Chemist: 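Dumping the structure here so I can ask a few things about it.
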Amino acid sequence: MITLLSIESSCDDTAAAVCRDGVILSNLIASQQVHEQYGGVVPELASRAHMQNIVPVVDKALKEAGITLHDLDAIAFTQAPGLIGSLLVGAEFAKSLALALNKPLIAVNHMQAHVLANIIEESRPSFPFLCLTVSGGHTQIVLCSSPGDMKVIGETIDDAAGEAFDKSAKLLGLPYPGGPLIDKYAKDGDPKRFNFPEPQIPGLNFSFSGLKTSILYFIQREKAKNPDFISENLADICASIQSRIVSILLHKLEKATRETGIINVCIAGGVSANSGLRKAFTESGKQYNWNTFIPSMQYCTDNAGMIAIAAYHKYLAGDFADLSVSPSARSEFITRFL
Ligand code: KG4
Ligand code: ZN
């Protein structure tokens, strides 16, 4: 039996999960509200909040899983990519705990973990599969041949899909993060009302910066004619923006399935929580005879469950991180925390 604790702290969520033999026993998140007033994540505030949240979140994850620290076989953490200060809090905490408990440490790549969120639950894709990973910082099409073998075959050349949602929302005067709000308002809107252009980017790469600019000019133009344009048309604007972002994503995913011949297809990352994308992706699956997979909501946005599943496969492969540290640091941690 292999029991792991995982920690995720790459951006503004402090998360911890416990996993036993690949089954998630607990998956906890402490989200940070402090950034809302600034219209984006403030790195320094995020690091400080992680320091406050990490011990209570880990405690809760252990309790909910019904285990103690001494039941753990390894400690995992998000190594990269992410905000350096935020990553450091999780990495140092995990490393200290691993040293104090004398257990192996496992370093996980955040983007690979998003992909593997698709193999957490029942009805998982068989390998190889394609994954459209869409988050606040990344937009990628990944060819996943095994838990440890992933290749990025397409990615954004400028903004990520999550950024496209959040920046569009900002232009509409909506608070950060605007992606979920665009999703909410789009539900009552007409996606065909306004037509935003689809960029012509070669290959499997994406671009979203042109869309942002066209939305900016469109809003400026319409507001000059009618100052209340946004409030009077919010649902239709959101539905039209969302529909364009989704079509950009799915056209490239369709191209990737044609070029690779792979029909096991997944989505992952924060933007995979978007209801328009989930629906359109499922419809594309029916149209092109794909086997489609979407993680449940708790495993789409940043979470430690996905770090745990990635770590479980690294544990099986014997892929452990360096734990070198002075013996005095180890004894200090033991006296303080254990
Ligand atoms: O994967 P994630 O939680 O964090 C990163 O690794 O970046 O993704 C966060 C992104 C944000 O841009 C957020 O606005 C977007 O995911 N997002 C959504 C939705 N939920 C989260 N975008 C559109 N619709 C949603 N329902
Ligand atoms: Zn993420």
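Residue numbers run from 1 in the order of the sequence given. The shown structure was predicted, so the numbers you read here are calculated from the model rather than taken from an experiment.
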Chemist: State whether the side chain of Arg278 and the backbone N or O of Ser272 hold a donor-acceptor pair below 3.5 Å, judged by distance alone.
Modeler: yes
Chemist: Regarding Ser10 and Glu8, do their side chains bring together a donor and an acceptor under 3.5 Å, going by distance alone?
Modeler: yes
Chemist: Can you tell if the side chain of Val246 reaches within under 4.5 Å of the side chain of Phe281, non-hydrogen atoms only?
Modeler: no
Chemist: Find out whether Ile294 and Thr282 are in side-chain contact, i.e. whether some heavy atom of one side chain is under 4.5 Å from a heavy atom of the other.
Modeler: yes
Chemist: Could you tell me which residues satisfy salt bridge (charged side-chain N to carboxylate O under 4.0 Å, His left out) with Lys225, sequence neighbours excluded, listed by chain and number?
Modeler: Glu222
Chemist: Salt-bridge test for Lys255 and Glu259: reply yes if a basic N is under 4.0 Å from a carboxylate O, no otherwise.
Modeler: yes
Chemist: Between Leu181 and Pro175, is any pair of side-chain heavy atoms under 4.5 Å apart?
Modeler: yes
Chemist: Under 3.5 Å, is there a donor-acceptor pair between the side chain of Ser86 and the main chain of Cys11?
Modeler: yes
Chemist: Tyr185 versus Leu174: any side-chain heavy-atom pair under 4.5 Å?
Modeler: yes
Chemist: Using a 4.5 Å cut-off on heavy atoms from C-beta on, say whether the side chain of Thr78 contacts that of Val108.
Modeler: no
Chemist: Do the non-hydrogen side-chain atoms of Phe165 and Gln242 ever get within less than 4.5 Å of each other?
Modeler: yes
Chemist: Less than 4.0 angstrom from a charged side-chain N to a carboxylate O is my criterion; do Lys187 and Asp183 meet it?
Modeler: yes
Chemist: Taking all non-hydrogen atoms of both residues, which atom of Val41 and which atom of Ala46 are closest, and how far apart?
Modeler: CG1-CB, 4.1 Å
Chemist: Going from SG on Cys131 to CG on Leu116, what distance comes out if it is rounded to the nearest 0.5 angstrom?
Modeler: 8.5 Å
Chemist: Using distance alone, with no hydrogens and no angle criterion, decide if Glu254 and Tyr288 have a side-chain donor and acceptor under 3.5 Å apart.
Modeler: yes
Chemist: Between CG of Asn195 and OG of Ser240, what distance do you get to the nearest 0.5 Å?
Modeler: 8.5 Å
Chemist: Do Pro128 and Leu143 come within less than 4.5 Å of each other through their side chains, counting heavy atoms only?
Modeler: yes
Chemist: Quick one, Phe93 and Leu97 - any side-chain contact, counting heavy atoms below 4.5 Å?
Modeler: yes
Chemist: Within the distance-only criterion (no hydrogens, no angle test), does the side chain of Asp302 pair as donor or acceptor with the backbone N or O of Asp13 below 3.5 angstrom?
Modeler: no
Chemist: May I have the step-by-step check of ring pair (Phe, Tyr, Trp, His ring centres under 6.0 Å) for Phe218 and Phe194, ending in yes or no?
Modeler: CA-CA 10 Å; Phe218 164 77; Phe194 305 110; 5.0 Å; yes
Chemist: Which residues satisfy the salt bridge (charged side-chain N to carboxylate O under 4.0 Å, His left out) test with Asp159, sequence neighbours excluded?
Modeler: Lys167, Lys212
Chemist: Has Asp228 got a side-chain atom pairing as donor or acceptor with Asn226's backbone, closer than 3.5 angstrom?
Modeler: no
Chemist: Quick check for you: to the nearest 0.5 Å, what is the distance between Ile7 atom CD1 and Ile307 atom CD1?
Modeler: 10.5 Å
Chemist: Does Asn205 reach the main-chain N or O of Glu155 with its side chain, forming a donor-acceptor pair under 3.5 Å?
Modeler: yes
Chemist: Take Ile230 and Leu171 through the test side-chain contact (heavy atoms from CB on, under 4.5 Å) and record every step on the way to the result.
Modeler: CA-CA 10 Å; Ile230 293 180; Leu171 293 172; over 6 Å; no
Chemist: Do Arg244 and Ser247 pair up side chain to side chain, a donor and an acceptor below 3.5 Å, judged on atom types alone?
Modeler: yes
